[in-house]
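Accompanying notes for the structure given below.
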Amino acid sequence: MEDGIGTPTGIVVRLHGAFRGITRRKFIAGASVTLASSALGGQSRGSALASDRHRPRFHLMPPAAWLNDPNGPLYWKGRYHLFYQYSPVISNFGLKYWAHAVSSDLVHWKNLGIALAPTPEGPDKNGCWSGSAVIHNGVPTIVYTGATWAEESEHAAREKGLVPERQMVAIAADPNDPNLVKWVKVRENPVLATPPAGIKAVGWRDPSLWKEGDTWFMAIGSGEIGKGGMALLYSSRDLRHWTYLHPLAVAKPDPTVDLSRPWASMWECPDFFLLEGKPVLLVAGGNRYLTGTYSNHRFEEASGGQIDYGSAAYAQKTMQDEKRRRIWWAWLQEKRSPEAQAAAGWAGVMSLPRLLTLQSDGSVGVEPVSELNGLRRGSQRISNRIIAPNGPLLLEHFQSDSAEIEVEIELRDSHQAGLRVRATADGSEQTLIGYDRDSQQIFCDTTSSSTDPDTAKVPRPLSGRGIQGGPLSIGKNELLRLRIYIDASVIEIFANGRASLSDRVYPGSVASLGIGLFAKGGSAHLRSLTLWNLAPVSDDRLTSGAELFQV
Ligand code: FRU
């Protein structure tokens with residue numbers, strides 16, 4: 001995410017242009033908990049959020065306030081646990097907690113509230129940042145990054161090779177509690193207090209863990225100014241005592257990245273795993289994945305791509321579940337102004353769970369997990385139609401802002417073909433999702449998604465208006481196969497099991513519910529289109545349980 005706004009801390013701050021120049025530390029000091037209580041305060045706030053038409057119905061999010069990265073996904077005794085970065089203030093500068101949600105099917109989540117809170121005067125006093133969860137000797141265990149700002153200036157601290165991050169461990173207080181509600185920080189904390197000697201780290205956070213034999217391995221996101229991102233590798237037998245080995249991986253030189261900028265010189269949220277035996281390293285920036293070789297505990301990048309082409313998605317994180325599936329989540333950021341986010345009282349949504357697959361050419365494919373089909377209710381279907389460039393704007397009787405749409409299109413003579421969603425009858429608001437044959441790109445065009453002037457306020461890369469896309473090569477005899485999830489302001493697009501793109505839209509009109517087909521430069525042919533209305537995962541847009549988030 002090279003367009004991010006850097007802070008002196010090296011944290012990439014996306015979107016919050018209004019706070020440019022303010023450090024996270026100063027912001028935390030200034031933002032009192034009263035903001036938190038106003039974000040969560042009272043029933044009327046809750047009911048306003050429950051009827052907010054931009055707030056999703058089948059995506060995970062806290063009852064109010066702020067969500068960022070997915071953390072520590074874990075499968076334990078028949079339940080999925082998913083944690084996420086939570087702040088009571090609507091800002092990426094807010095004090096961060098680990099919030100916790102549980103599900104038995106990956107789709108219906110119950111918010112359990114705060115699992116980890118910063119300990120005043122503790123090594124995580126300025127935030128419980130991202131990390132992982134594993135089972136060690138039968139005990140669910142979280143390894144995360146604690147933030148401790150130096151008393152001196154950030155700059156002075158970094159010059160001395162000091163970073164604000166510490167690595168921390170917490171264990172489930174009662175492994176027999178099916179909800180794992182209570183977590184206890186271990187007395188050995190911080191289990192790592194400084195980055196390895198000799199590395200002038202711009203940051204040192206977001207541990208990713210895996211086990212080989214009896215040994216735990218941990219990759220920590222880091223990087224050096226002028227060199228770029230790296231993942232530092234450690235090993236341990238007990239998760240409390242760690243030995244630094246060497247970098248697991250370092251970024252390949254990339255002339256397009258300005259490595260004088262701290263935030264461009266760091267890999268946030270590394271996630272390392274084997275996908276059907278093939279080593280894969282995810283890094284947050286650009287939702288990139290790297291594939292290559294892993295030997296002698298060193299990863300050598302050979303190839304790569306992007307799991308999600310949209311700038312809304314960030315901080316991707318995976319787990320392997322009991323079916324040995326590799327499941328992926330990301331934070332879906334807002335694409336409206338900080339003022340609009342504050343007025344709404346909530347910001348940030350967890351992506352839908354996605355399945356990563358290894359493609360025959362060695363690339364990584366992505367598709368929605370099959371459990372999502374359980375949300376399908378009534379359906380409508382049409383088939384065998386010509387999609388002409390001057391065809392009707394909308395399909396009659398197809399309207400929704402809470403749906404899954406599956407469409408199969410023969411591209412034929414068209415240069416572009418696809419679907420129009422969240423559209424008004426006259427097209428004054430509409431979002432285009434399609435395929436561009438000339439550039440071989442899948443795209444989402446939000447140029448006309450909203451007439452609300454607020455959506456034009458945010459600069460790239462999180463602008464609420466514009467075209468985003470990425471490569472997808474569709475064979476001569478292959479259909480364009482799109483699966484699209486529309487959930488209020490969230491759009492998640494899957495193409496041919498090989499590409500995904502997330503976006504956010506905030507139509508100004510309540511009537512922007514129409515769905516249509518489009519082709520440009522020639523006609524395409526619709527094989528079939530099925531729309532399922534999707535059931536909400538709660539009856540109040542997940543706004544209940546706010547009291548569990550009181551801090
Ligand atoms: C990524 C990130 C992580 C950090 C967390 C703090 O969005 O900056 O590197 O641990 O957010 O909330």
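Just so it is clear, the model here is predicted, and its values are computed rather than measured. Numbers here are sequence positions counted from 1. Counting starts at 1 for both ligands and their atoms, in listed order.
Below 4.0 Å from some heavy atom of Trp129 lie the following atoms of ligand 1, by number and element: 6 (C), 10 (O). Shown in contact with Tyr314 at under 4.0 Å from a heavy atom are these atoms of ligand 1, numbered in order with element: 1 (C), 7 (O). Under a 4.0 Å criterion applied to the non-hydrogen atoms of Gln85, ligand 1 contributes the atoms 5 (C), 6 (C), 12 (O). Less than 4.0 angstrom separates some heavy atom of Asp206 from each of these atoms of ligand 1: 3 (C), 4 (C), 9 (O), 10 (O). Near Lys96, meaning under 4.0 Å from one of its heavy atoms, ligand 1 places the atoms 12 (O). Close approach of ligand 1 to Glu268 (heavy-atom distance below 4.0 Å) involves ligand atoms 1 (C), 2 (C), 3 (C), 8 (O), 9 (O).
Aromatic pair Tyr294/Phe272: centroids less than 6.0 angstrom apart.
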Chi angles and distances behind the side chain to side chain contact (heavy atoms under 4.5 Å, CB included) call for Glu334, Leu462: CA-CA 8 Å; Glu334 299 301 321; Leu462 285 179; over 6 Å; no
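Contacts between Thr145 and ligand 1, counted as non-hydrogen atom pairs separated by less than 4.0 Å, are absent for every part of the residue.
A salt bridge is defined here as a Lys NZ or Arg NE, NH1 or NH2 lying under 4.0 Å from an Asp or Glu carboxylate O, and Lys96 with Asp69 fails to meet this definition. Under 4.0 Å is where a charged nitrogen must lie from a carboxylate oxygen, and between Arg354 and Glu492 at least one such pair does. A salt bridge links Lys317 to Asp271: one of the charged nitrogens lies within less than 4.0 Å of a carboxylate oxygen. Under the 4.0 Å criterion applied to side-chain N and carboxylate O atoms, Arg326 and Asp321 are not assigned as salt-bridge partners.
The shortest N/O to N/O separation between Asn68 and ligand 1 falls below 3.5 Å.
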